[in-house]
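As structure tokens, the structure follows; a few thoughts come after it.
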Amino acid sequence: MNMPVRKKLGILPLTLMVVGSIVGSGIFSLPQNMAEGAGAGAILIAWVITLFGMFMLTRIFQYLSIRFYKINEGLYGYVREGFGDYIGFNAAWGYWISAWMSCGSYLVILFSALGSFECFNYFGNGTTIPAVIAGLIFLWIIHFFVIKGIYQAFLLNCLVTLAKIVPICLFIVCVVLAFKVDTFNMDFWGTPQLGTILSQVKHTMLYTVWVYLGIESATVYAARAKNIISISRATFFGFAITSLLLVCVSVLSLGIVPQHELAQMKNPSMALVIEHVVGSWGAKCINIGLIVSVSGGLLSWLMLAAEMLFLTGQGNQHTVPSCFGKLNKNSTPANALWLTTSLISVLMILAHFYQSGYNTLIQLSTSMVLIPYLLSALFVFKLSIRQRKKHLLFIGTLGSIYGFWLIYAGGVSYLLLSMILYSVGLLFYLYARKQRHLSSFSYLHDKIYAITIVILAIIAIIYFYIIPQ
């Protein structure tokens with residue numbers, strides 16, 4: 001890939017990109033989310049399963065980054081190598097849509113958090129007209145900052161990520177010092193109202209599924225990294241750091257507030273938990289941390305979205321129109337960034353006029369990123385069968401099983417709805433094939449895959465939007 005890069009990214013900025021992508025708004029609501037449907041025992045079991053499953057996915061991304069060190073397109077390049085242009089395109093397309101939709105949700109959450117302060121109450125729930133206007137201004141300020149230099153944006157992301165970790169670490173220190181074993185052991189296995197241990201674990205894992213989105217983000221910047229080892233280590237360090245933060249926040253909170261009380265708290269519940277320990281100043285500190293964290297998450301995912309669209313458009317093997325594969329003099333994928341920011345702007349306006357539909361789109365965006373995860377795991381499984389390596393078969397099999405579980409936990413209805421957005425991507429793909437003077441599809445299985453997506457999209461439109469529910 002010909003890229004006018006003057007600087008290369010080392011382990012620290014790549015690790016902070018992973019941490020910044022994962023740690024957004026979810027961690028601040030995690031105590032209540034986890035306690036809502038499970039006791040401490042079930043929560044611990046859910047974390048053990050999640051940590052094992054996510055470690056398998058982490059190992060998969062580490063292996064792929066080293067095994068295919070010549071592939072500079074990260075997750076998109078790996079899937080394309082394993083299954084061809086069209087399936088590789090769909091992995092990138094789903095990731096890109098998920099990323100820019102996530103940016104829209106971050107803007108709503110950001111101004112909703114600001115709206116909780118009396119001086120900014122006109123922002124309301126983040127979808128009022130003042131909130132939308134302010135959100136669009138903030139979004140385009142970030143857009144022009146990124147377009148002036150991708151590496152300056154990386155530096156800002158590092159600073160913001162470090163800043164948002166500080167209040168989280170403060171929270172953990174405070175709850176450790178105030179932790180009460182008796183409170184933690186209260187209804188350890190839950191109450192009869194919460195159901196069986198299995199049902200509690202399943203409910204809790206629905207939340208642990210979402211909090212790790214972004215674990216692959218270092219691989220997206222493979223072409224900008226100093227070396228392949230930096231990508232592999234950043235992926236692992238990012239996983240380790242965020243795992244420690246997430247588990248501590250959710251588990252230690254149960255030693256401060258009993259499960260039944262924690263389940264009834266309003267979000268961000270972290271603020272209310274620390275208020276039990278140090279008073280109102282702690283809650284204000286966490287709320288400020290939430291605002292910083294969401295701002296950082298917006299920056300991370302805007303950069304990731306533009307980078308992914310750029311990767312699919314660059315070079316002689318582009319799978320979207322080649323105009324999106326252009327870099328400006330600052331090494332920023334300008335055209336990809338313009339389209340991405342414009343679509344986020346549309347989503348923000350939609351948030352005001354059609355709030356219920358907007359919430360559905362946000363949940364849908366989260367589901368879409370799970371398909372690229374699964375495809376990456378299936379590629380390693382495919383390699384393990386071909387190479388007959390036991391350790392590869394182990395991580396490929398367990399990673400694939402966990403990938404299927406993530407999609408199941410995300411909801412079959414959202415998987416069906418995602419086919420509508422995947423079918424729209426077909427137009428981009430076919431135009432790119434025409435630019436390259438190639439036939440629409442290289443293989444028969446690509447045609448079958450495309451037809452299946454279109455049919456499922458039609459079924460989804462009929463079922464969700466035409467037939468009265």
Side-chain angles (χ1 to χ4, degrees), residues 21-22 24 26 57 61 74-76 78-80 83 86-106 108 206-207 209-217 219-220 297-298 300-309 311-312 319-320 336 339-340 343-344 346-347 350-351 357-379 400 402-429 449-450 452-461 463-465:
S21 301
I22 295 175
L57 286 180
F61 289 122
L75 181 150
Y76 158 65
Y78 306 144
V79 176
R80 191 185 65 190
F83 302 104
Y86 183 56
I87 296 180
F89 159 78
N90 277 288
W93 181 258
Y95 190 95
W96 174 65
I97 289 179
S98 175
W100 64 257
M101 282 189 173
S102 295
C103 291
S105 70
Y106 276 130
V108 171
L206 295 180
Y207 294 104
V209 164
W210 311 129
V211 292
Y212 275 104
L213 298 182
I215 192 67
E216 74 303 319
S217 52
T219 69
V220 177
L298 172 64
S300 296
W301 282 103
L302 180 62
M303 294 168 62
L304 284 168
E307 188 75 9
M308 182 57 73
L309 183 59
L311 291 174
T312 58
T319 53
V320 299
L339 177 61
T340 300
L343 289 171
I344 299 169
V346 172
L347 197 60
L350 177 65
Y358 168 80
N359 292 334
T360 299
L361 286 175
I362 295 306
Q363 291 175 290
L364 172 60
S365 72
T366 311
S367 296
M368 289 194 72
V369 78
L370 301 179
I371 294 178
Y373 286 1
L374 174 61
L375 290 171
S376 299
L378 289 174
F379 180 34
S400 299
Y402 191 67
F404 279 114
W405 158 254
L406 292 178
I407 293 175
Y408 166 74
V412 177
S413 61
Y414 289 110
L415 178 63
L416 187 60
L417 274 171
S418 71
M419 294 300 109
I420 299 174
L421 297 175
Y422 276 108
S423 65
V424 174
L426 183 60
L427 300 175
F428 281 71
Y429 179 77
Y449 191 67
T452 302
I453 287 176
V454 173
I455 291 174
L456 290 176
I458 294 172
I459 292 173
I461 292 172
Y463 182 77
F464 289 104
Y465 299 106

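Computed from heavy atoms alone, side chains included, the values below leave out hydrogens, waters and symmetry copies.
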Self-check item: Closest non-hydrogen atom pair, Ile22 against Val211
Solution: CG2-O, 2.8 Å

Quiz prompt | Ring centres under 6.0 angstrom apart (Phe89, Tyr429) | solution = yes

Quiz item: Considering all heavy atoms of both residues, which atom of Ala99 and which atom of Ala305 are nearest to each other, and what is their separation?
Solution: CB-CB, 3.5 Å

Quiz item: What heavy-atom pair brings Ser376 and Val79 nearest, and what distance separates the two atoms?
Solution: OG-CG2, 3.8 Å

Self-check item: Test item: Ile453 and Tyr86 side chains (from C-beta on) under 4.5 Å apart, heavy atoms
Solution: yes

Quiz item: Would you say Thr452 and Tyr449 make side-chain contact, with heavy atoms under 4.5 Å?
Solution: no

Quiz prompt | Nearest heavy-atom neighbours spanning Met368 and Ser418 | solution = CG-CB, 3.7 Å

Quiz item: CD of Glu216 to CG of Leu75: how many Å apart, nearest 0.5 Å?
Solution: 6.0 Å

Quiz item: Quick one: CG on Leu309 to CZ on Phe428, what's the gap to the nearest 0.5 Å?
Solution: 8.0 Å

Quiz item: CD of Glu307 to OG of Ser217: how many Å apart, nearest 0.5 Å?
Solution: 11.5 Å

Practice problem: State, yes or no, whether a side-chain contact exists between Leu213 and Ser21 at a heavy-atom distance under 4.5 Å. | Solution: no

Quiz item: Taking C-beta and beyond as the side chain, do Ile371 and Tyr422 meet within less than 4.5 Å on heavy atoms?
Solution: yes

Quiz prompt | Value rounded to 0.5 Å, distance of CG in Leu375 from CZ in Arg80 | solution = 14.0 Å

Quiz item: Can you tell me how far the CG atom of Leu416 sits from the CD1 atom of Ile459, to the nearest 0.5 Å?
Solution: 7.0 Å

Practice problem: Decide whether Tyr76 and Thr319 meet the rule of one side-chain donor and one side-chain acceptor closer than 3.5 Å. | Solution: yes

Quiz item: Looking only at heavy atoms, what is the nearest atom pair of Leu298 and Tyr106, with distance?
Solution: N-CD1, 3.8 Å

Self-check item: Any donor-acceptor pair under 3.5 Å from Ser98 side chain to Tyr95 backbone
Solution: no

Practice problem: Give me the one residue out of Leu339, Thr340, Leu347 that meets side-chain contact (heavy atoms from CB on, under 4.5 Å) with Leu343. | Solution: Leu339

Self-check item: Atom pair CZ/CD1 of Phe61 and Ile215 - distance to nearest 0.5 Å
Solution: 8.5 Å

Quiz item: Hey, does Leu57 have a side-chain heavy atom less than 4.5 Å from the side chain of Leu406?
Solution: yes

Quiz item: Would a 4.5 Å heavy-atom cut-off, applied to side chains only, mark Ser413 and Phe464 as touching?
Solution: yes

